Amino acid sequence: RFLAQREGDMRGLKVMVTAAGTREPIDPVRFVGNRSSGKMGYSIARQALLRGADVTLITGPSALTPPPYAKVVRVETTKQMLDACLAVYPETDIVIKAAAVADFKPRSVADQKIKKIHPEDGMTIVMDQNPDILKTLGGMKKQQFLVGFAAETQNLLENAASKVKKKNLDMIVANDVSLKGAGFNTDTNIVKFLYPDGTVEALEILSKDEVASILLDRVMAKRKR
Ligand code: CTP
Ligand code: CA
């Protein structure tokens with residue numbers, strides 16, 4: 001009842017946000033992961049809720065508390081995130097994929113903890129490529145407005161623009177994770193918005209809540225046309 005009564009320009013819209021990083025197990029006690037904290041995705045979920053949207057937050061492991069009234073789906077691996085996304089995608093109006101998805105996973109997961117037997121030996125983990133969640137969603141797109149993120153350390157605009165095309169996105173949020181004040185586990189971000197028509201909007205350094213709020217302004221404006 002609380003949800004139905006709320007005001008805001010996103011009232012009635014179903015928004016799916018993915019956040020934090022996925023993890024791939026190596027053995028029962030170890031995993032391959034990344035430095036994503038979930039801050040950007042949780043900020044987007046919070047801002048969308050404040051504007052009246054119905055929010056599903058699909059999140060990898062994160063120390064953060066999800067915003068109240070979000071439907072939270074907790075996942076660990078990329079495959080689990082893919083399945084969770086596919087389950088809600090048909091009913092979704094806006095998808096914002098802020099998660100840092102593990103691109104690779106160990107080819108096999110050891111049943112028992114891997115022991116170090118010979119002190120002089122190194123060790124090799126063979127990894128296979130994970131499915132691309134966003135590309136999968138882009139290929140099935142109907143009414144959904146699809147927003148991706150691009151974390152880059154070089155050739156930001158070029159790489160981000162090619163992701164818009166490859167994944168059939170309506171918008172991408174590109175951030176140079178090598179800049180101070182941007183990217184993983186910071187409270188601020190420095191981003192550029194790119195669209196399929198080639199236009200670019202560069203934002204100054206802002207809090208992740210401010211980035212989230214402007215991002216939703218742009219999504220709402222673009223959806224109308
Ligand atoms: N993404 C995804 N599934 C993957 C990898 C990435 O859904 N297996 C999504 C991310 O959530 C993000 C966007 O795709 O919204 C771009 O992620 P990024 O890591 O920047 O790009 P990749 O396509 O994985 O390419 P690369 O890491 O090689 O730059
Ligand atoms: Ca990647």
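In each ligand, atom 1 is the first atom listed, and ligand 1 is the first ligand listed. Please read all numbers here as calculations on a predicted model, not as lab measurements.
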TODO: Have a look at ligand 1 and work out which part of K135, if any, has a heavy atom under 4.0 Å from it: side chain, backbone, both or neither.
DONE: neither
TODO: Using distance alone, decide if ligand 1 has a nitrogen or oxygen within less than 3.5 Å of any nitrogen or oxygen in K97.
DONE: yes
- [ ] Check whether any side-chain N or O of S213 sits under 3.5 Å from a backbone N or O of D209 as a donor-acceptor pair, and report yes or no.
- [x] no
Task: Numbered atoms of ligand 1 (with element) below 4.0 Å of A150, judged on heavy atoms - done: 20 (O)
Open item on the list: For E91, is the CD atom crowded, meaning more than 12 foreign heavy atoms sit under 6.0 Å from it?
Closed with: no
- [ ] Please report the shortest heavy-atom distance between K97 and L137, naming the atom on each side.
- [x] CD-CD1, 4.4 Å
Task: Nearest neighbour in protein (non-hydrogen) for atom 3 (N) of ligand 1 - done: I133 N, 3.0 Å
Task: Smallest separation among heavy atoms of L169 and K141, with atom names - done: C-NZ, 4.1 Å
Open item on the list: Rounded at 0.5 Å granularity, tell me how far CG in N159 sits from CG in L194.
Closed with: 11.0 Å
Task: Lys/Arg N to Asp/Glu carboxylate O, D93 vs K14, below 4.0 Å - done: no
Task: Distance from atom 29 (O) of ligand 1 to nearest protein heavy atom, with residue and atom - done: K163 NZ, 3.0 Å
- [ ] Starting from atom 28 (O) of ligand 1, locate the nearest protein heavy atom and write down its residue, its atom name and how far away it is, to 0.1 Å.
- [x] D103 OD2, 4.5 Å
TODO: Could you pull out the atom name of the N/O/S atom in D103 that is nearest the Ca ion (ligand 2)?
DONE: OD2
Task: Nearest-neighbour protein heavy atom for atom 8 (N) of ligand 1, which is reported as residue plus atom name and distance - done: P131 O, 2.9 Å
Task: Contact (N/O only, under 3.5 Å) between V101 and ligand 1 - done: no
Open item on the list: Can you confirm, on distance only, whether ligand 1 has an N/O atom lying under 3.5 Å from any N/O atom belonging to L134?
Closed with: yes
TODO: Please work out whether any backbone atom (N, CA, C, O) or any side-chain heavy atom from C-beta onward of A100 is under 4.0 Å from ligand 1, and answer side chain, backbone, both or neither.
DONE: neither
Open item on the list: I'd like to check whether F149 has a polar contact with ligand 1, where a contact means an N/O of the residue lying under 3.5 Å from an N/O of the ligand.
Closed with: yes
TODO: Using distance alone, decide if ligand 1 has a nitrogen or oxygen within less than 3.5 Å of any nitrogen or oxygen in A99.
DONE: yes
Open item on the list: Only heavy atoms of G148, strictly under 4.0 Å: list the atoms of ligand 1 that pass.
Closed with: 15 (O)
Task: Region of N159 engaging ligand 1 - heavy atom pairs below 4.0 Å - done: neither
TODO: Indicate yes or no: does K222 engage D170 in a salt bridge with an N to O separation below 4.0 Å.
DONE: no
Task: Main-chain N/O of S207 paired with E210 side-chain donor or acceptor, under 3.5 Å - done: yes
Task: Closest protein heavy atom to atom 23 (O) of ligand 1, given as residue, atom name and distance to 0.1 Å - done: K167 NZ, 2.6 Å
Open item on the list: Please check: side-chain N/O of T199 versus main-chain N/O of Y195, any donor-acceptor pairing under 3.5 Å?
Closed with: no
Open item on the list: Counting only nitrogen or oxygen atoms and a 3.5 angstrom limit, does T18 reach ligand 1?
Closed with: no
TODO: Using the six-membered ring of F145, assess whether NZ or CZ of R223 lies under 6.0 Å from its centre and within 45 degrees of the ring axis.
DONE: no
Task: N/O donor-acceptor pair under 3.5 Å between S37 side chain and K39 backbone - done: yes
Task: Which of the ligand 1 atoms, numbered from 1, are nearer than 4.0 Å to a heavy atom of A151 - done: 20 (O)
TODO: Verify, without hydrogens or angle tests, whether T22 (side chain) and A102 (backbone) share a donor-acceptor contact under 3.5 angstrom.
DONE: yes
TODO: State whether any protein heavy atom lies less than 4.0 Å from atom 21 (O) of ligand 1.
DONE: yes
Open item on the list: Any nitrogen or oxygen of A102, side chain or backbone, less than 3.5 Å from one on ligand 1?
Closed with: no
- [ ] Any chance you could measure M40, atom CE, to T186, atom OG1, to the nearest 0.5 Å?
- [x] 9.5 Å
Open item on the list: Does any N or O of ligand 1 fall below 3.5 Å from an N or O anywhere on T78, backbone included?
Closed with: no
